[in-house]
Each structure stands twice: as C-alpha cells, then as structure tokens.
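Chain A is the first sequence line, chain B the second, and so forth, proteins listed ahead of strands; every chain is numbered from 1.
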There are 2 protein chains.
Amino acid sequence: MKEVRGQLAGIPLFSGLSGEQYDALARIGVRRSSRKGERIFSEGDEGTGFYVVVTGRVKISKVSAEGKEQILHFFGPGESFGEVSVFTGQGFPADAVAAAQTALLFFPRTSFTALIRNDPALALNMLAQLSQRLRQFAGLIEDLSLKEVPERLAKYLLYLSGRDGDARAAELDVSKGQLASLLGTIPETLSRILTKMNRRGLIRSRGAQITILDRPGLDAIAFEGKKLP
Amino acid sequence: MKEVRGQLAGIPLFSGLSGEQYDALARIGVRRSSRKGERIFSEGDEGTGFYVVVTGRVKISKVSAEGKEQILHFFGPGESFGEVSVFTGQGFPADAVAAAQTALLFFPRTSFTALIRNDPALALNMLAQLSQRLRQFAGLIEDLSLKEVPERLAKYLLYLSGRDGDARAAELDVSKGQLASLLGTIPETLSRILTKMNRRGLIRSRGAQITILDRPGLDAIAFEGKKLP
DNA sequence: AAAGCGCTTTGACATAGGTCAAAGAGATGT
DNA sequence: ACATCTCTTTGACCTATGTCAAAGCGCTTT
C-alpha cells in the first residue's frame with residue numbers, strides 16, 4: 001500500500017488533501033497495469049470504479065454506428081477517468097484502451113463513495129475537478145462545432161509544443177491516423193492540411209516530428225480563424 | 001423565505017435532501033426574476049453564484065469570433081446553471097439570457113460552499129448532478145462531431161415530442177432561426193431539411209407546430225444515420 | 001388597406017471536406 | 001535483401017452545407 005500512497009502526489013484530483021486523507025485513499029486504491037492495446041473497459045460496462053493514470057497513456061474513444069472510431073481524449077499521468085460513472089451509476093459511455101504500457105490506480109466505487117460520504121473536503125475537491133473537466137468539455141464542443149479542421153490542428157500543435165515545454169518541437173504522441181480521429185476528421189484531410197502548412201512555411205513535418213517554424217502564423221489560424229490558402 | 005423553500009421541491013439538484021437541508025438552502029437562496037430578453041450574466045462575468053430556473057426559460061449561448069451566436073442550451077424549470085463557475089472560481093464561460101419571463105433562484109457562491117463544506121450528502125448530490133451534466137455534454141459533443149444536420153434535427157424533434165408527453169406533436173419552443181443555431185447550423189439549411197422531411201412524409205410542419213407522421217422513419221435517421229434523399 | 005418589419009423559404013453558387021482508389025514510404029519479420 | 005504489411009500521401013470526384021440575394025409570408029402599426 002505504501003507504493004500506492006507515494007503515487008497519490010501530483011494527482012490534481014487529490015491535490016490539497018491531508019496526510020490522513022492520503023492514507024485513506026491509499027487503503028482503497030488498487031494498482032493495475034495494462035499493456036499497449038489492452039482494453040481497460042468498454043462502452044456500456046458497469047462503472048465499478050474509476051482510474052488514475054500513473055504512467056503511460058490511455059485512449060478514450062467511441063465507435064460510431066457506421067463502425068468508425070472517434071477518439072475523444074487521451075489521458076496521461078496524473079489524470080483520472082471514469083469518475084462520472086461512479087456518480088451517475090450508469091455504464092461507461094466510451095471505451096478505454098491503453099495507448100502504451102500503462103500503470104493505473106483503480107478506486108472501487110463503493111469504497112470511494114463511502115470515503116467521500118464522510119469527508120466533505122474530498123467531495124469538494126472532486127467537485128472542483130469535475131467542474132474543471134466540464135469546462136474543458138465545453139471548450140471542446142466549441143472547437144468541434146465552431147471551428148474548421150486547420151484551426152483545430154493549429155490549436156493542437158500549439159497545445160503540444162506548450163505541453164512539452166519545447167517552444168518549437170511538437171512530437172506527435174499518436175499516429176497521424178489517430179490524430180485525425182482526435183481532430184474529428186480523416187487521415188487524408190489531415191495529410192493535405194499538413195502539406196499546406198509545410199508549403200506555407202508554418203511548420204516542418206517529418207514523420208511524427210513536427211517543428212513549428214511560424215508560431216504567430218499558427219496563432220492566427222488557431223485563434224483568429226485565419227484561412228489557410 | 002417560505003416561498004423560496006416551497007420552490008426547492010422538484011429541483012433535481014436538491015432531490016432526496018432532508019427537511020433541514022431544505023431549510024438551510026431556503027435561507028441562502030434569493031429570488032430573482034428576468035423579463036424576456038434580459039441578460040442574466042455575460043461571458044467572462046465573475047461566477048458569484050449559480051441559478052435554478054423556477055419558471056420560464058433561459059438561453060445559454062456564446063458569440064463566436066466572427067460575431068455569430070451559437071446557442072449551447074436552453075434550461076427550463078427545475079434545471080440549474082452556472083454551478084461550474086462556483087467551483088472552478090473562473091468566470092462564466094457563456095452568456096445567459098432569459099428566453100421568456102423567468103423566475104429564478106440565485107444561490108450565492110460563498111454561502112453555498114459554506115453549506116456544502118459541512119454537508120457531504122449535499123456534496124454528493126451535487127457530484128451526481130454535475131456528473132450527469134458531464135455525461136450529457138459528452139453526448140452533445142458526439143452529436144455535433146459525428147452526426148449531420150438531418151440526424152441532429154430528427155433527434156431534437158424526437159426529444160421534443162418525448163418531453164411534451166404527446167407522442168406526435170412537437171411544438172417548437174424557439175424560433176426556427178434559434179433552433180438552427182441550437183443545432184449548429186443556419187436557418188436556410190434547417191428550412192431546406194424541414195421541407196425535405198415534409199415531402200418525405202416524415203413530418204408535417206406548419207409554423208412552429210410540427211407533427212410527427214412517421215416516427216420509425218425519424219428514428220432511422222436519428223439513430224441509424226439513414227440518409228434523407 | 002397599406003405600409004413596414006422580421007422571420008422563413010427558395011434559388012444559384014462556392015467550398016470544405018468526405019469517399020474511393022492507387023501509389024509511396026517506412027517498418028518488420030523471414 | 002526480400003516480401004509483407006501498415007501508415008501516409010496524392011489525385012479525382014462528390015456531397016453537404018455555408019454564403020449571398022431575393023422573394024414570400026405573417027404580424028403589427030398607421
């Protein structure tokens with residue numbers, strides 16, 4: 001259990017909690033690990049608990065009626081998923097698959113709700129976190145409905161380069177086909193747009209390695225909706 | 001305050017609470033009312049509390065960079081909005097405007113968090129409710145990104161006829177222009193699709209009164225993605 | 001009734017992006 | 001090095017939907 005406790009630090013969901021609260025969480029948290037490609041849960045499965053990513057990456061996706069995969073999100077270290085089903089009591093609304101060798105913490109529903117029932121601070125943390133998530137989702141809706149593909153791509157590249165710290169590099173952590181799905185489009189369209197951006201001198205794309213050459217140019221596309229002729 | 005207390009019943013956010021909890025809520029809730037078209041808050045305003053609709057209807061919308069209005073949602077009696085900003089501490093992410101003469105309950109942020117801090121049951125209710133909302137949002141994302149306009153319209157018509165209890169009628173509670181925005185499209189496109197559905201015998205549309213003539217047909221469009229030639 | 005106003009419908013047109021098909025380009029195992 | 005396999009790129013084409021413009025329709029006001 002000690003090992004579990006050590007992993008609780010750096011999880012936003014549990015930030016600002018007391019040592020006792022950490023102990024309690026460590027008592028109910030269970031370590032799990034998944035190989036790349038392994039399924040963690042499927043859409044419709046009963047939500048018996050939620051997960052926190054310790055290392056690795058988890059892909060959340062749905063399969064449309066026509067059988068096409070729409071990727072909703074990737075979760076990395078420190079991020080949690082599946083909490084919603086813990087509280088709604090409904091099944092998971094999407095599939096979760098390990099996108100790499102992944103270490104997880106699993107918190108069973110019943111023990112966790114018991115914990116929270118006696119601990120308003122924990123509940124408040126949870127509320128803040130879920131609210132934050134809701135806010136991000138709203139942003140995603142906006143992006144998907146109001147913006148065009150080049151804007152979404154520009155935003156994503158800027159997001160990547162920001163996240164990695166390196167101001168110019170954007171190492172794709174997924175295949176281009178997966179990226180296309182994440183952006184709500186198809187590989188062909190993504191490829192064409194990348195080619196255009198290359199020609200326009202905005203980026204230099206070699207394989208999964210994309211270098212940002214003209215950040216203001218990308219900014220203009222991402223935030224002002226500038227066209228990409 | 002008695003009046004406030006009486007209005008707490010039937011609010012899902014507060015369902016299953018004890019009499020004492022109702023009393024506490026009634027003590028901090030403030031009645032407000034807005035005339036049609038009146039602005040309740042604007043995007044970016046500080047989230048000083050959240051609202052519950054008692055009667056009437058509230059429109060939540062954003063204005064895009066190009067100045068176009070995108071309607072995100074309508075909230076009716078019993079529904080709450082603005083909770084997220086209470087917990088994230090950020091400003092409101094969208095505009096709220098009364099779509100009709102509306103009576104509201106306002107719960108100030110500080111008093112409400114104080115309340116919840118001492119009451120895990122209330123916090124859990126809140127968690128369940130927010131989770132539910134998050135789930136709905138996920139569905140909305142799916143709709144906007146995976147589906148085409150006829151599917152979205154079919155879904156909305158079915159939703160309306162279900163909500164009103166009447167299995168065949170779907171009285172639009174908004175103008176067709178507003179409906180277009182809610183569906184993420186423009187009036188012209190909506191009009192053309194309604195015309196097609198009329199010709200196909202799926203519905204009969206006269207003004208804001210839409211009668212569903214072929215429910216299985218609409219179902220096929222809404223859930224199987226059947227085309228509308 | 002006439003005039004004015006907002007909403008809705010219709011038409012002609014432009015375009016982003018999806019589909020289908022095929023060629024290239026890396027990987028990986030033999 | 002070869003064969004394969006998968007991912008990516010490119011081209012030709014099609015469709016849904018947005019834009020622009022004009023006409024129609026239903027209200028209210030005069």
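Partners of A:Arg31 by side-chain contact (heavy atoms from CB on, under 4.5 Å), not counting sequence neighbours, listed by chain and number: A:Glu3, A:Val4, A:Gln7, A:Leu105.
Whole-Å rounding puts the B:Leu228 CG to D:dT15 P distance at 15 Å.
Here salt bridge (Lys or Arg N to Asp or Glu O under 4.0 Å) pairs that include residues 87-104 of chain B, with residues two or more places apart or in two chains, are B:Arg39-B:Asp95.
Counting heavy atoms from C-beta on, the side chains of A:Glu69 and A:Lys59 come closer than 4.5 Å.
Between A:Glu148 and A:Lys227 there is a salt bridge, since a side-chain N of the basic residue sits under 4.0 Å from a carboxylate O of the acidic one.
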Review point. Which letter, B, S or -, goes with each nucleotide of nucleotides 5-20 of chain C from 5' to 3', with contact meaning a protein heavy atom under 4.0 Å?
Key: ---SSBBB----SSBB
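Shortest non-hydrogen contact noted between A:Pro187 and A:Ala180 is N-CB, 3.5 Å.
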